[in-house]
Each structure stands twice: as structure tokens, then as C-alpha cells.
Amino acid sequence: MTGSPSILAAGNVAVLTGAGSGFGRELALLCAARGMKLVLADIQPAALDATVALLPAGTEMLALPCDVSKAAEVMAMAEQTYARFGAAHLLFNNAGVSAGGFSWQSTEDDWSWVLGVNLMGVVHGIRAFVPRMLAAGDPAHVVNTASAAGLVSVPGSSIYCVSKHGVVTLSECLYHELRGAAATVNVSVLCPAFVPTGILDSARNRPAELARVNPTAEVFAARRQKAITSGRLSAADIAQAVADAVDANRFYILPHERIKRAIEVRMHDILEGRQPTDTMPK
Ligand SMILES: NC(=O)c1ccc[n+]([C@@H]2O[C@H](COP(=O)([O-])OP(=O)(O)OC[C@H]3O[C@@H](n4cnc5c(N)ncnc54)[C@H](O)[C@@H]3O)[C@@H](O)[C@H]2O)c1
């Protein structure tokens, strides 16, 4: 703790995207256990309902179907948040999807879908909520979900890596801007490695108008599946890591120690002019 009151305090308002599954659901449960009011957003209404059913009785909350890749829907979510609760203290820009395959056979639909959700979803969240948080002048915290794939480069996952590297640098820029403005709003970036969640099955949320899939996606599917299903931390562990980082006002959230070695190797590759090392587990 920093000595200042926790953002995750009873009565404060948490807004979470991708709240129907995985990290979003687990952080929703953690925030509810702390007595926070919740705004839960997801593109899948049934998944949202399933999260709502797990909340302690009496939790004050608003569940909103929202496609984070659509600016107007995220703006509407912010309007509904402030109309209902008058504040947002924690914003978890977390909804995400993944697509794989060789870069040279990627489709425009793959790029539009993954960048639309993973990168523009975070952009829309920042644009919709941070001006309101700044105007309120109260302590608030934005957590953007990137990935370890935002700090290293993974063959077969270029679109996902581009989206997550984008979220890391966007978060770092935002951090500098908020500090420069002496704002009461803080920011963190979440960079987990592999965690078993619904992410392997993210095609379930792919819009019909962006259906053209990289024909080589399957080449990397087994490797991804093995890595994700063998992840040792759970989604609940990641939610706890987020809560701890917000309480400590820590910017980089790297719940998996082992990823630090891969980051170090990449930095040495860059600084020493070496060719890039593939640090993905085989
Ligand atoms: N699981 C991992 O190994 C891992 C590792 C690093 C980062 N991440 C990131 O964590 C975040 C959460 O993923 P997860 O692992 O909990 O996966 P998940 O599939 O369990 O949860 C993602 C949620 O986002 C929702 N969603 C998808 N598209 C959406 C859209 N357009 N608008 C709103 N909601 C949408 C899904 O319905 C789902 O409920 C993602 O950004 C993902 O990239 C996951």
C-alpha cells in the first residue's frame, strides 16, 4: 500500500471490460468482495450473465453488453457509468482476442479484428474515461491489459504482439502525460504470460464481417494450446496481482517471473546488435 486510501475500497466504482470470462471475471469477483460498485462490460451477454450470477448478493452493479472495438459503444458505457454511479475509480481495459499464423498470410480481417479489440479497445477506454476522471479530480487508476507478448516477439503471433506492444507503449505514454499533468489518475499495464482462460477460444467472439482467417493459423495452434493450458498461474492469481499493483501504485504488472529473462534477452539482442532470439518455450 502507498499509505493513501485504496482505489479498490468499498463504495468505489470499478469498470471492467471483458468481464464475462478469465481475468475480467476474476477481477470483478475480487472487486465485489471488497464492496466496490461494478460496471461489467463484455461483447457476450450470456458470459456477462454468468459473471453476474457469481457476485455476492447485494453487489451494486451495471452489466452492459459492449463491443470495445466500437468507440461509440465505449463512450455510451462511460455515459451510463457516470449516470448511474457518478464516478469511475478503477478502469480495467482488459477485453482481448487473439489470432495467429504466418505474418505474410495474415488477412486484413485478422488485423482489423485483433487491433480493433486489443489496441483500439484500450484507446477508446482511455478517451471515454480519463477526461471524466481528470475532471472529477479524485484518485483513480487505469489498468490496461497488454501481455508478455507486448514485451517480446512471438513467432506466429505477430498481430497479437503488435496489438500488445501498442498497449504497453500507449500505457507508458499515458503514464508520462498524467505525471506531467500532476493528475490524480494513475496507470498500470498488465503483462502476464500464459494463463488458462477462454483466450484460446477467442474466435467465439469474432464478428461475421471479419471472418477471413489466416490459412496458416493452425500451424501454431498446438504450440499455443500447450503453452496456455500449462500456465501455472490462474486467472484469480492475475486478478490478485492487479489488485496488489493498484494498491502499491506499481506501473508494470508482470505476474510471471520467468518472462523477465526473455525480456532481458530481447534487450541484449537490441543493445548488442545481435539477431533476435526466439524465447518462446518449445
Ligand atoms: N490468458 C492468457 O494467457 C493471457 C496472457 C496475456 C494477456 N492476456 C490478455 O488478457 C485479456 C483477457 O483475456 P483472458 O485471458 O481473460 O481471455 P478470455 O477469453 O477468458 O476473456 C476475454 C473476454 O473478453 C471478451 N471480449 C472479446 N471481444 C470483445 C469485444 N470486442 N468487446 C468486449 N468484450 C470482448 C470475451 O467475451 C471474454 O469474456 C486479453 O486482453 C488477453 O489478450 C491473456
*Which pair of non-hydrogen atoms, one from Ala211 and one from Ala208, has the smallest distance, and what is that distance?*
CB-O, 3.3 Å
*Side-chain contact, heavy-atom cut-off 4.5 Å: Arg206 with Ser202?*
no
_Run Arg224 and Ser98 through side chain to side chain donor-acceptor pair (under 3.5 Å) and show every step you take._
CA-CA 11 Å; Arg224 273 187 63 239; Ser98 80; 2.6 Å; yes
*Listed by chain and number, what are the ring pair (Phe, Tyr, Trp, His ring centres under 6.0 Å) partners of Phe194, not counting sequence neighbours?*
none
*Has Glu172 got more than 12 heavy atoms of other residues, nucleotides or ligands less than 6.0 Å from its CD?*
yes
*What residues, two or more places apart in sequence or in another chain, satisfy side chain to side chain contact (heavy atoms under 4.5 Å, CB included) together with Pro139?*
Ile7
*Short side-chain to backbone donor-acceptor contact, Ser69 and Gly121, under 3.5 Å*: no
*Would you please name every residue forming a side chain to side chain donor-acceptor pair (under 3.5 Å) with His141, sequence neighbours left out?*
Ser188
*Check the pair Thr277 / Asp269 against side chain to side chain donor-acceptor pair (under 3.5 Å), numbers first and verdict last.*
CA-CA 7 Å; Thr277 306; Asp269 289 345; 3.0 Å; yes
_Can you confirm if the aromatic rings of Phe220 and Phe102 lie within a centre distance of less than 6.0 Å?_
yes
*Please indicate whether Arg274 has more than 12 foreign heavy atoms, meaning atoms of other residues, nucleotides or ligands, lying under 6.0 Å from its CZ.*
yes
*For Pro155 and Asp278, work out which heavy atoms get closest and say how close.*
CG-OD2, 3.5 Å
*Return the set of residues passing side chain to side chain donor-acceptor pair (under 3.5 Å) with Ser157 (not counting sequence neighbours), or none when no residue passes.*
none
*Does the ring of Tyr175 carry Arg179 above it, NZ/CZ under 6.0 angstrom from centre and within 45° of its axis?*
yes
_Please list all pairs meeting side-chain hydrogen bond (donor to acceptor under 3.5 Å, both in side chains) that have one or both residues in residues 23-44, counting only residues at least two apart or in different chains._
Arg25-Thr51, Arg34-Asp247, Gln44-Arg204
*Partners passing side chain to side chain donor-acceptor pair (under 3.5 Å) against Thr197 (at least two apart in sequence or in another chain)*: none
